[in-house]
Visitor: 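Here's a structure for you.
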Amino acid sequence: MAELEVALIGAGGIARTHLPAWVALGARIRLYAPDGRAPALAREFGATSAGSLREAITGAVVVDVCTPTDTHRQVTLAAVAEGAHVLCEKPLALSAAEAEEMADAAEEAGVRLYPGHVVRFFPAYARLRDLVAGGGLGRVAVARFTRTGRYPTWSGWFADPARSGGILTDQMIHDMDIARWLFGEVVRVHARHQGHLTAPAPEGAVATGTAVLTHAGGAITQVVGVWGPPATPFRTTFHVSGTGGTVQHDSQAHLDLRITGAVSGGPADGIPVGDFGESPYFTQIREFAEAFAGGPEPRVSGRDGVAAVRIAEAAAQSARTGRTVELAPLIPQPTAVPTGGIDQ
């Protein structure tokens, strides 16, 4: 693979998770973060620190957006305007309109935009996809996905729904994306959320969310999210039933997927790690890097990222109003053929 010039924007927990993958892939990395943390992080990983967003992205082949969600649109559009491919952490944006604007801009510029929906790269979910796609469960009728972790009180922006989207958009979008990946387009959403849903969030705050998704093919998915008190362990589960059988998974019950700690920087960063064999974050970035270098398309696209935000936005609307939200069928988008390669 050709050496990539990568501008990584942000210096928080997810940046620390992406960096080892880019280093292992031999990328030349420039770091920029408006909070001033980039120089120290750059020294730690042997990267170069940039003094502004423009300096970081100028000449980059890839821009990796690891900033708060409410800045994703701004950074992504700046990168696309420079002709760079983009890896943008999930969710792409706080609204479907902004996410679609980002995807449209990338396609018009002939560059690739991929969302960081890393759960598609976790072994249990990849195996589930193969099982469902291969017909091993017959026709799937119902599925349930849960995701539990501590309330992100350590981060002002995570705890602010206006910046992160809250539990429905920030945390539960992972499993909304998985549900659509497995069972097809979502046409109806009914959701509820409760607990502490505003900023600032005090220590010990809790929040829960539930969304019921109806898929065009008839399957019903329940997605449950929990942000608990500080001692809450990270845990994911799924239970999927079809005419041919049932499969279930609990991350705490399987040694190969058990969560064992957090990335360098401390548990407050909230990024789980475990004995996955190859890190799912590395698998994801390697697959993206191969596509950025002209290889095959990865298992998730920019339009998938838009669709996930659309579902999360519908869930948030349903939770606010108490009403079911109907989603119009998605209009297929043409795939553009790439032509190459906040603070100013």
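What you see is a predicted model, and the numbers here were worked out from it, not measured in a lab.
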Visitor: Under a plain distance cut-off of 3.5 Å, with no hydrogens placed, do T246 and H239 share a side-chain donor-acceptor pair?
Guide: no

Visitor: Does E100 pair with R310 as a salt bridge, N-O distance under 4.0 Å?
Guide: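 Salt bridge flag = no for R310 with E100.
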
Visitor: Consider only side-chain heavy atoms of I, L, V, M, F, W and Y, link residues closer than 4.5 Å, and tell whether V80 and M102 are in one cluster.
Guide: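 Same cluster.
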
Visitor: Any donor-acceptor pair under 3.5 Å linking the side chain of Y151 with the backbone of H196?
Guide: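 At least one qualifying donor-acceptor pair exists.
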
Visitor: Under a 4.0 Å threshold between the charged nitrogen and the carboxylate oxygen, would R299 count as salt-bridged to D304?
Guide: no

Visitor: Testing L19, V62, I14 one by one against L8 for a side chain to side chain contact (heavy atoms under 4.5 Å, CB included), which residue passes?
Guide: L19

Visitor: Rounded to the nearest 0.5 Å, what's the gap from CH2 on W227 to OG1 on T148? Could you check?
Guide: 12.5 Å

Visitor: Can you tell me how far apart CD1 (I9) and CG (L87) are? Round to the nearest 0.5 Å.
Guide: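 I9 CD1 to L87 CG: 11.5 Å, rounded to 0.5 Å.
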
Visitor: Flag yes if V23 and L25 sit in one hydrophobic cluster, no otherwise; membership is Ile, Leu, Val, Met, Phe, Trp, Tyr, and two members link when side-chain heavy atoms are under 4.5 Å apart.
Guide: yes

Visitor: How far does CD1 of I173 sit from CD1 of I167, to the nearest 0.5 angstrom?
Guide: 13.0 Å

Visitor: Test your reading of the model: is there a side-chain donor-acceptor pair from R163 to the backbone of P68, 3.5 Å cut-off?
Guide: no

Visitor: Are F238 and Y125 an aromatic pair, judged by ring center distance below 6.0 Å?
Guide: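 Yes, ring centres under 6.0 Å apart.
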
Visitor: Any donor-acceptor pair under 3.5 Å linking the side chain of S318 with the backbone of R323?
Guide: yes

Visitor: Indicate whether the side chain of H18 and that of E89 have a donor and an acceptor atom separated by less than 3.5 Å.
Guide: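 Distance-only check passes for H18 and E89.
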
Visitor: If every non-hydrogen atom of P296 is compared with every non-hydrogen atom of A291, which pair is closest and at what distance?
Guide: O-CB, 3.4 Å

Visitor: Does any N or O in the side chain of T169 come within less than 3.5 Å of the main-chain N or O of G166, such that one atom is a donor and the other an acceptor?
Guide: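 Flag not set: sc T169 to bb G166 has no pair under 3.5 Å.
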
Visitor: Whether the side chain of S164 engages the backbone of F158 through a donor-acceptor N/O pair (distance < 3.5 Å, no angle test) should be reported.
Guide: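 Answer holds: yes.
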
Visitor: Dump the intermediate steps for side chain to side chain donor-acceptor pair (under 3.5 Å) on T221 and H215, then the final yes or no.
Guide: CA-CA 8 Å; T221 300; H215 299 266; 2.8 Å; yes

Visitor: Same cluster for V309 and V189 if Ile/Leu/Val/Met/Phe/Trp/Tyr side chains link at under 4.5 Å?
Guide: no

Visitor: Taking the side chain from R147 and the backbone from M172, do they hold a donor-acceptor pair closer than 3.5 Å?
Guide: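 No; zero donor-acceptor contacts below 3.5 Å.
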
Visitor: So which atom in L94 and which in G165 form the shortest heavy-atom distance, rounded to 0.1 Å?
Guide: CD2-N, 3.6 Å

Visitor: Is it true that a side-chain atom of H72 and a backbone atom of T67 form a donor plus acceptor pair closer than 3.5 Å?
Guide: yes

Visitor: Salt bridge check: are D175 and R144 linked by an N-O gap of less than 4.0 Å?
Guide: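 Result for this pair is no, no salt bridge flagged.
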
Visitor: Whether the side chain of K90 engages the backbone of H174 through a donor-acceptor N/O pair (distance < 3.5 Å, no angle test) should be reported.
Guide: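 No, K90 side chain to H174 backbone: no donor-acceptor pair under 3.5 Å.
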
Visitor: Identify the heavy atoms of A27 and V6 that sit nearest to each other, and give their distance.
Guide: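 The answer is CB-CG2, 3.8 Å.
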
Visitor: Under 30°, 30 to 60°, or over 60°: which ring-plane class applies to F288 and F292, parallel, tilted or perpendicular?
Guide: tilted

Visitor: Quick one about D64 and W22 (side-chain donor to acceptor, distance below 3.5 Å, no hydrogens or angles considered), yes or no?
Guide: yes

Visitor: Check for me, please, whether W181 and V186 land in the same ILVMFWY cluster - side-chain distances under 4.5 Å, paths through other members count.
Guide: no

Visitor: Quick one: do V132 and V247 end up in the same hydrophobic cluster if we chain Ile, Leu, Val, Met, Phe, Trp and Tyr together by side-chain heavy atoms under 4.5 Å apart?
Guide: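 Yes; V247 is reachable from V132 via cluster members.
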
Visitor: Has R30 got a side-chain atom pairing as donor or acceptor with T58's backbone, closer than 3.5 angstrom?
Guide: yes

Visitor: Do the side chain of E55 and the main chain of G51 share a donor and acceptor less than 3.5 angstrom apart?
Guide: yes

